[in-house]
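Numbered from 1 within each chain, the chains take letters A, B, ... in sequence-line order.
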Amino acid sequence: MTSLAKLLEAALFASAHPIMVDDLINLAHDKEVGEEEVNTALTELKEHYDTDEHGIELMEVAGGWQILTRSEYTEAIERAQLAARPQRLSAAALETLAIIAYRQPIGRAEIEEIRGVGAGAILKSLHERELIEVTGRAEGLGRPLLYGTTPLFLEQFALRHLEELPRSDELAIALREPRPSETAAVGDAQL
Amino acid sequence: MTSLAKLLEAALFASAHPIMVDDLINLAHDKEVGEEEVNTALTELKEHYDTDEHGIELMEVAGGWQILTRSEYTEAIERAQLAARPQRLSAAALETLAIIAYRQPIGRAEIEEIRGVGAGAILKSLHERELIEVTGRAEGLGRPLLYGTTPLFLEQFALRHLEELPRSDELAIALREPRPSETAAVGDAQL
Amino acid sequence: SHFSGPLDLLLSLIRDEQIDIYDIPVGKIAEQFLLRIKHLKLDEAADYLEMAARLMRIKAQMLLPRREGDDAWEDPRAELVRRLLEYQQVREVVDLLEQRNELRRNRFARAFLPQQLPVSSANRPLALSLGELFAAVDRVLRVAKQPTLHEVVPRAIDVDGAIGTIRAILELRGRARWNEVISADAEPWQVLSLLLALLELAKAGELKLAQPRAFSNVEITRDVPGEAA
């Protein structure tokens, strides 16, 4: 491997979270090394892991790069109690996250309106898991807190960026299309 | 690489601690795999890292086997972390700093009342960064700490003195001096 | 329960019965909704009861006579349909998030980290500019609450809505307890609305309120006309 690829490998091995490309460029500490060189080295590293059949792989996630174990070894590693998978989120928590991801910044009242149930406890637990954060306060009465998703949300959902989620008008509505006469009543049903 | 070597690589990557050979044998969960097979796979992995010129290496350390970044890259990684892009203050921290700059000396309760959210963690971090300091204690119950900005604050913002901050009539409610009639109530809020 | 809320349950009923979401037979679906929540022992959960009450209200509205060719007639179900479609989209995103989450859950990140360098975020160099500071001042000015003035939030309390909910619940069950008609994390305005609605209905003789012990649950009983008050 090139020395840049080796350096990047060492740095990625020393981090539990994705490293942004900008930080990888800084790491090289060399004016000759820019985004292009880093991307080439990342590709080299990625291909090396893929073609040489490693137990790990390089993934682009949450706006940066991260080395992760390949999924086929997860069960064995967990069985041997060398590492544990995080708990799955409840359906209610996932719904709340989905709403926040699409509508951020969004306040609690609006989330509750969409889900039809109270959101207080779920917001607290998503906040504790650092999947959402307070991004501000709404104008107006009561000045409610507004929530948005965090970089850790992208990381844990293997998303490169928020735009990777389908746009709301791309979401197939499993139910049939409205008849023209109904369009007015349901036209604003989009996320 | 053999599939055993790949499994060991994934496990060694995912484990927070060195892994003993016995645990590596367990990991394989296969009666055919004993100490000899694991040692062969470890040698394979070690040689792969060495001959393919990786940024990492397989080391036998106290308590078992571990993958570590090569020492020649440690310095670069440390340097990069030290020279990491200058951090920016969060919007919340900047707002808190702005309130303190204009209203000093000011207590935590009053800051929290103006921003409508808790200020404890932010005050601590501004204090650690030496942008604010404790300038005294308020009268009244609990004698709350009062904060003000430091010389470093002026330096960081390239200000000669605090009076250089624009202090005009336009500065509305939150940043204006409290009216005498409000002072009593402000004191209460600092309980 | 494996339902994440009343909308989830309602949507699953609509799917099971292969009902056209744009033409929901409200009477039928309300009945089934009640059966299901009874069966699932969800009939003491405020959120589900509120949905049951809402369905009953829509059913009643559907029965109101309307004039032939009345253009101004608005389908009482429209709001429910809108919410169901919106919720349906949320469920689709959830499916996608679940897939992505599994993808990531099945991979471990590096757990062993070399000795943390003595670089706390506190001694990393700071990038600060006056422009940023002034922008922060501006934000504070725009959004700051007046210090010391305790804002009374004139959030509309919805007594009529609460009255409708209570009436519908009592129609279904005859009696209920306070914690069954309001969820534990209700906003103060919701609690207030409910309280005023209960007092209003008690005054009108539609229900009786009893609290066996101080701080115990308030019991709400429908006051059937003719029965001694």
Side-chain angles (χ1 to χ4, degrees), chain A residues 1-16 19-20 22-30 41 44-45 48-49 51-57 66-85 133-138 142-146, chain B residues 1-20 22-30 41 45 48-49 51-57 64 66-86 90-92 95 115-118:
Chain A
M1 289 205 283
T2 60
S3 69
L4 183 56
K6 284 191 282 180
L7 172 62
L8 298 185
E9 182 184 43
L12 290 163
F13 251 77
S15 172
I19 307 182
M20 308 286 125
D22 278 356
D23 289 328
L24 292 173
I25 295 170
N26 280 333
L27 182 71
H29 202 61
D30 177 349
E44 184 192 348
L45 189 58
H48 173 85
Y49 287 154
T51 53
D52 257 34
E53 297 207 286
H54 277 257
I56 51 176
E57 61 189 324
Q66 185 173 26
I67 299 176
L68 296 168
T69 59
R70 284 188 195 276
S71 58
E72 54 257 53
Y73 304 111
T74 306
E75 236 171 89
I77 292 170
E78 203 169 49
R79 194 177 48 227
Q81 298 186 334
L82 295 169
R85 277 181 284 193
E133 63 192 348
V134 174
T135 58
R137 312 193 116 214
R143 311 225 23 254
L145 297 176
L146 296 176
Chain B
M1 289 205 281
T2 60
S3 70
L4 182 56
K6 285 191 280 180
L7 171 61
L8 298 187
E9 181 184 43
L12 289 164
F13 177 85
S15 166
H17 308 284
I19 310 178
M20 314 273 289
D22 279 356
D23 290 328
L24 290 173
I25 296 168
N26 267 334
L27 176 73
H29 205 63
D30 177 349
L45 191 57
H48 174 86
Y49 288 155
T51 53
D52 257 34
E53 298 207 285
H54 277 258
I56 51 176
E57 59 189 332
Q66 190 164 33
I67 301 175
L68 296 170
T69 55
R70 277 186 200 279
S71 55
E72 59 254 53
Y73 299 110
T74 324
E75 201 194 325
I77 295 168
E78 280 177 20
R79 192 182 53 227
Q81 287 187 17
L82 280 166
R85 281 170 307 161
S90 67
E95 286 168 20
R115 290 199 55 246
V117 285

>> Treating Glu9(A) as the side-chain partner and His54(B) as the backbone partner, does any N or O pair qualify as donor plus acceptor under 3.5 Å?
In response: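 Not at all, since once roles are kept as given, no pair shorter than 3.5 Å links the two residues.
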
>> Quick check: closest heavy atoms across Leu82(A) and Ala11(B), and the distance to 0.1 Å?
In response: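 Heavy-atom minimum between the residues: CD1-CB, 3.9 Å.
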
> What heavy-atom pair brings Gly55(B) and Ala10(A) nearest, and what distance separates the two atoms?
Replying inline: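 Taking Gly55(B) first and Ala10(A) second, the nearest heavy atoms are O-CB, 3.5 Å.
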
> Just how far is it from atom CD1 of Ile77(B) to atom CZ of Phe13(A), taken to the nearest 0.5 Å?
Replying inline: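 Taking CD1 in Ile77(B) and CZ in Phe13(A), the distance rounds to 11.0 Å.
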
>> Once rounded to the nearest 0.5 Å, what's the spacing between atom CG of Leu7(A) and atom CD of Glu72(B)?
In response: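 So the gap between those two atoms works out to 10.0 Å.
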
> Based on non-hydrogen pairs under 4.5 Å, which of Leu8(A), Thr2(A), Thr69(A) is most in contact with chain B?
Replying inline: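 Of Leu8(A), Thr2(A), Thr69(A), Thr69(A) has the most heavy-atom pairs under 4.5 Å with chain B.
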
Examine whether an atom of [X] lies under 4.5 Å from a heavy atom of chain A, and if so say whether it belongs to the side chain, the backbone or both; otherwise answer neither.
| X | value |
| --- | --- |
| Ile67(B) | side chain |
| His17(B) | neither |
| Leu12(B) | neither |

